[in-house]
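Shown below is the structure under consideration.
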There are 2 protein chains.
Amino acid sequence: MDKRTHIILTALSLFYQKGIHSVGINEIISVAGVAKKTMYHHFVSKDELLLACLSERHNRFLNWLTQATSKQTTIEEFKVALISCHEAWFNSKVTELGDFNGCLFINTAAEFADPANPINQACKEHKMAVQQLIKQRLSACNNMESSQLGSYSHYLMTLVEGMICQAKLVGIKQFPHLKQ
Amino acid sequence: MDKRTHIILTALSLFYQKGIHSVGINEIISVAGVAKKTMYHHFVSKDELLLACLSERHNRFLNWLTQATSKQTTIEEFKVALISCHEAWFNSKVTELGDFNGCLFINTAAEFADPANPINQACKEHKMAVQQLIKQRLSACNNMESSQLGSYSHYLMTLVEGMICQAKLVGIKQFPHLKQ
DNA sequence: TGCCGAGTAGACAAATCGGTCTACTTTTAG
DNA sequence: CTAAAAGTAGACCGATTTGTCTACTCGGCA
């Protein structure tokens, strides 16, 4: 495998499981099995590596969510599919997302609170992309009234974010009552 | 003011605005204007200080939420009050909660992911206490059916958690559509 | 053949981290 | 009044941080 990709995947796993500031460069290169110079040859700084990790996770997550919500034709079906696929994630049944430890972007934004920081901005952009995907999926449902598209997509986004937080903090992994 | 309390309030503000690992002991004592020995006289370690901050924030938050949701008699009124008081928080209109920067407990749990860590446990206990308060408030509504008390209180908790995340990450501060 | 980019191992630098300690001053309670 | 408790300033410690640098190896390509 490409060294650069290998470093990104190793760092992503460590960052996601332990938090950004809890993982040092030395640990990343040690686990990845590469020299420090190799890492700094591909990434000018830890922040740049983190940005690459966020980008990788963003692509992975959106691809998964896009595929997991591709077969529904009504609002109700979509809502159930959206909740169900997240439950699968919470239970670490989605191999490409790894062992569940909350949302990497929520976690990262907690450590980089400054809105002017590109890292914080990347987290925000990810959430807006997810919101956009939900809206697009909803608009394709044959019983969706366009006048309520905005508010209902926001509502579903709020639900999903809340589910993620509860799954991480208090360990709730299933939300049957949300499916009505 | 009591030195110990002063240190806690200073550290709490810094931790909340910048994140735990981004704030060092030297910065805390510098801003608080106390000697390092004074801090280590009251707290054996940074972790102990953090636990005291979490406890302070927990009390402050629960007192505020308890008061902000004390006058409702129906489910619908309670739901609106719950959402409205959070909107006020998001817009930093609640002086005792300070400038809004998301939920301290969600943010802290992101940096201390190990469930065996007392810091992580304190975060979890806070969320369970909030959930309990919502349930208790709901049970006092005169149109609440006890058979749905559990699922509806969980639903409201999910909504609130989602609102907090969206307010922090993408800057949404108002949720009129959730009030129906 | 010779060269160059990518790789390795690891020493090193400068800064910062949490935490300890000394020496001294101020406050407070009996 | 006195003595203990609580406070101050800041030097210091060992560990760790991100990042740089040297010296060297290896493989592919013109």
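Every chain is numbered from 1 and lettered A, B, ... according to where its sequence line falls, protein lines coming before strand lines. Please read these numbers as outputs of a predicted model, since none were measured by experiment. Only this structure's heavy atoms are used, side chains among them; waters, hydrogens and symmetry mates stay out.
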ask   = Do N26(A) and K36(A) meet the criterion of a side-chain donor-acceptor pair at a distance under 3.5 Å?
value = yes

ask   = Is any side-chain nitrogen or oxygen of K46(A) closer than 4.0 Å to OP1 or OP2 of dT18(D)?
value = yes

query = Do E87(A) and K179(A) meet the salt-bridge criterion of a basic N to acidic O distance under 4.0 Å?
reply = yes

message = If the threshold is 4.0 Å, N to carboxylate O, is there a salt bridge linking E161(A) and K127(A)?
response = yes

message = Just to be sure I understand the rule, does V44(A) reach a base, reach only the sugar-phosphate, or reach nothing, if contact means heavy atoms closer than 4.0 Å?
response = nothing

ask   = Whole-Å distance between dC26(D) P and K3(A) NZ?
value = 14 Å

ask   = Given that T38(A) and K37(B) both sit by DNA chain C, which one's nearest nucleotide is further toward the 5' end?
value = T38(A)

Separation of dT20(D) P from I29(A) CD1 (nearest whole Å) = 13 Å

ask   = Hey, is the side chain of H42(A) poking within less than 4.0 Å of OP1 or OP2 on dG7(C), counting only N and O atoms?
value = yes

query = Taking the six-membered ring for Trp, are H126(A) and F105(A) parallel (under 30°), tilted (30 to 60°) or perpendicular (over 60°)?
reply = parallel

ask   = Rounded to the nearest Å, what distance is computed from the CZ atom of residue R4(B) to the P atom of nucleotide dG7(D)?
value = 11 Å

key: Gap between atoms NE2 and P, on H21(A) and dG18(C) respectively (whole Å)   = 12 Å

request  = With the side chain of A35(A) defined as its heavy atoms from C-beta on, choose the nearest nucleotide among dT20(D), dA9(C), dT8(D).
outcome  = dA9(C)

ask   = In whole Å, what is the span from the NE2 atom of H41(A) to the C1' atom of dA9(C)?
value = 17 Å

task = Take atom CG of N26(B) and atom C1' of dT17(D), then tell me their distance rounded to the nearest Å.
result = 15 Å

query = With no angle test and no hydrogens, is the base of dG10(D) tied to the side chain of K36(B) by a donor-acceptor pair under 3.5 Å?
reply = no

ask   = Roughly, in whole Å, what's the span from OH in Y40(B) to P in dG10(D)?
value = 18 Å

ask   = Under 3.5 Å, is there a donor-acceptor pair linking the side chains of E111(B) and S22(A)?
value = no

message = Rounded to whole Å, how long is the line connecting atom CE of M39(A) with atom P of dA9(C)?
response = 16 Å

